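All values reported here derive from a predicted model rather than from experimental measurement.
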Amino acid sequence: MRFLLLSSLCIFISADIIAQQAVFRSQSANLNSFSTPSKTLSNSSNTKSFVPAQDTQTQVVKKKLAPKGVNIHLLPLFGEFEKTDAQKAVDEEFLKACDLNFKTRSEASEFFATRAWEYLGEGEKDTATYRFNLAYLLDDENSDVYWGLGVIAYQNEKYAQAIDLMNRGLEIEDDDNVTLIVDLSTVYIKCFTVDAEKEDLKKAFELLTKALTKQPDSANALMQLSLAKLLNNEIDEAWERFHQGYELDPDNASVEILEGLLAKKEDPRGIFKKKN
């Protein structure tokens, strides 16, 4: 499954580029991949990048019971709260049922994670969160759990939480999952458009360099690198990366990024033109 960024066609494009770009694994929402930073770039200490420690939404007190009325099943990783005896009893019954129906708990975890991605693709974020949590209960080393919950956090505009969760998934993958690396870079790029903090864009560049070192023909990584270069005002480099990504996978080309490039400079290769 992939997350598709869709935008309206405002440009006549040669070769009939489809207006979409794969970013995340799910297909649950339409998000803008290109927008200018919300404030002028500054080195001021008042500007903070989106690192998890700075997001109070991720600062959950561990080993404490959830506040009364809070449904921990709809919080990523159950909010990492301590569970009541009643909740633990329900978990045990669930685990016993899975032990009877699956060869291993790891297999059961994969099953529930797959269902979670499907629900996320249908826009059912709460149901997806619950399924990812069940997958986590079965196997806390299932990287899809952290990945999927990170996507949900991103869609809820909890960017620091998304970064934290995706990083945890990437640690399990030993930094070896190119798609997850690119997804994480996308979150950092989004953060840069929100806070205009150079550190976020720097982190995105680092991740994309890592992704392309591991997989030089990753069209999605090249498209995201084009976007990062565009936001960094490296227009010629941005055009080059866009063309490289387009040549590898025309269907993965982003109309939004193309519009941004054409607004800055005509296509050096003369392939893409603005609408007359």
Is the centre of the H73 ring less than 6.0 Å from the centre of the F132 ring? no
Could you tell me whether the side chain of T114 reaches within less than 4.5 Å of the side chain of W117, counting heavy atoms only? no
Determine, step by step, whether K88 and E93 satisfy the salt bridge (charged side-chain N to carboxylate O under 4.0 Å, His left out) criterion, reporting the C-alpha distance in whole Å, the side-chain angles of both residues, the deciding distance to 0.1 Å, and the verdict. CA-CA 9 Å; K88 290 177 182 177; E93 289 302 313; over 6 Å; no
Return the CD to CG distance between E237 and N232, rounded to the nearest 0.5 Å. 10.5 Å
Counting only heavy atoms not in K264, do more than 12 fall under 6.0 Å of its NZ? no
May I have the list of side-chain donor-acceptor pairs in residues 135-142 shorter than 3.5 Å, sequence neighbours left out?
residue : atom : partner : partner atom : Å
D139    : OD1  : E141    : N            : 2.9
N142    : OD1  : D144    : N            : 3.0
N142    : ND2  : S109    : OG           : 2.9

Just how far is it from atom CD of E171 to atom CE of M166, taken to the nearest 0.5 Å? 14.0 Å
Flag side-chain contact, heavy atom, 4.5 Å: E259 against L262: no
Please lay out, stage by stage, how F81 and L75 fare under the test side chain to side chain contact (heavy atoms under 4.5 Å, CB included). CA-CA 10 Å; F81 286 111; L75 299 176; 3.8 Å; yes
May I ask you to decide whether E199 forms a salt bridge with K203, counting only side-chain N to carboxylate O separations under 4.0 Å? no
Do K83 and F78 form a cation-pi contact, if we require the NZ or CZ to be under 6.0 Å from the six-membered ring centre and within 45 degrees of the ring's axis? yes
Count I, L, V, M, F, W, Y as connected when their side-chain heavy atoms are under 4.5 Å apart, and connections chain through other members. Are L74 and L165 then in the same cluster? no
Mark yes or no for whether T213, through its side chain, and T209, through its backbone, hold a donor-acceptor pair below 3.5 Å. yes
Path from I72 to V90 over hydrophobic side-chain contacts below 4.5 Å: no
Taking salt bridge (Lys or Arg N to Asp or Glu O under 4.0 Å) as the definition, give me every residue that meets it alongside D85, ordered by chain and number, with sequence neighbours left out. none
Beyond-backbone contact of L225 with F205, side-chain heavy atoms, under 4.5 angstrom: yes
Could you check if a side-chain atom of I235 sits within less than 4.5 angstrom of a side-chain atom of N233, using non-hydrogen atoms only? yes
CG-NZ distance between D176 and K210, expressed to the nearest 0.5 angstrom: 10.0 Å
Counting N and O atoms only, with roles assigned by atom type, does the side chain of D200 sit under 3.5 Å from a partner on the main chain of Y188, one being a donor and the other an acceptor? no
Is it the case that the side chain of K214 and the backbone of D175 share a donor-acceptor pair, with hydrogens and angles ignored and the cut-off at 3.5 Å? yes
Under 4.5 Å between any side-chain heavy atoms of R105 and C98, yes or no? no
Given the rule in the side chain to side chain contact (heavy atoms under 4.5 Å, CB included) test, do L261 and D267 qualify, once you have shown the distances and angles that lead to the verdict? CA-CA 8 Å; L261 288 168; D267 180 5; over 6 Å; no
With a 4.5 Å cut-off on side-chain heavy atoms, are M223 and D249 touching? no
Does the ring centre of F112 sit less than 6.0 Å away from the ring centre of F94? yes
Is the closest basic N to carboxylate O distance between R269 and E240 below 4.0 Å? yes
Decide, yes or no, whether a salt bridge links D236 with K265 under the criterion of side-chain N to carboxylate O below 4.0 Å. yes
Does the structure place the NZ or CZ of R115 under 6.0 Å from the centre of the six-membered ring of Y119, at an angle of no more than 45° from the ring's axis? no
Look at R168 together with E80 and state whether they make a salt bridge at an N to O cut-off of under 4.0 Å. yes
Please tell me whether E173 and S143 have a donor and an acceptor in their side chains that are separated by less than 3.5 angstrom. yes
Which heavy-atom pair separates A211 from A221 by the least distance, and what is that distance? CB-CB, 4.3 Å
Y246 vs N252 side-chain heavy atoms within contact, under 4.5 Å: no
Any donor-acceptor pair under 3.5 Å linking the side chain of S218 with the backbone of Q215? no
Is a side-chain N or O of N167 found less than 3.5 angstrom from the main chain of I163, in a donor-acceptor match? yes
Is a donor on one side and an acceptor on the other found under 3.5 Å between the side chain of E107 and the backbone of T104? no
Tell me whether the count of non-hydrogen atoms from other residues, nucleotides or ligands lying under 6.0 Å of CD in E247 goes above 12. yes
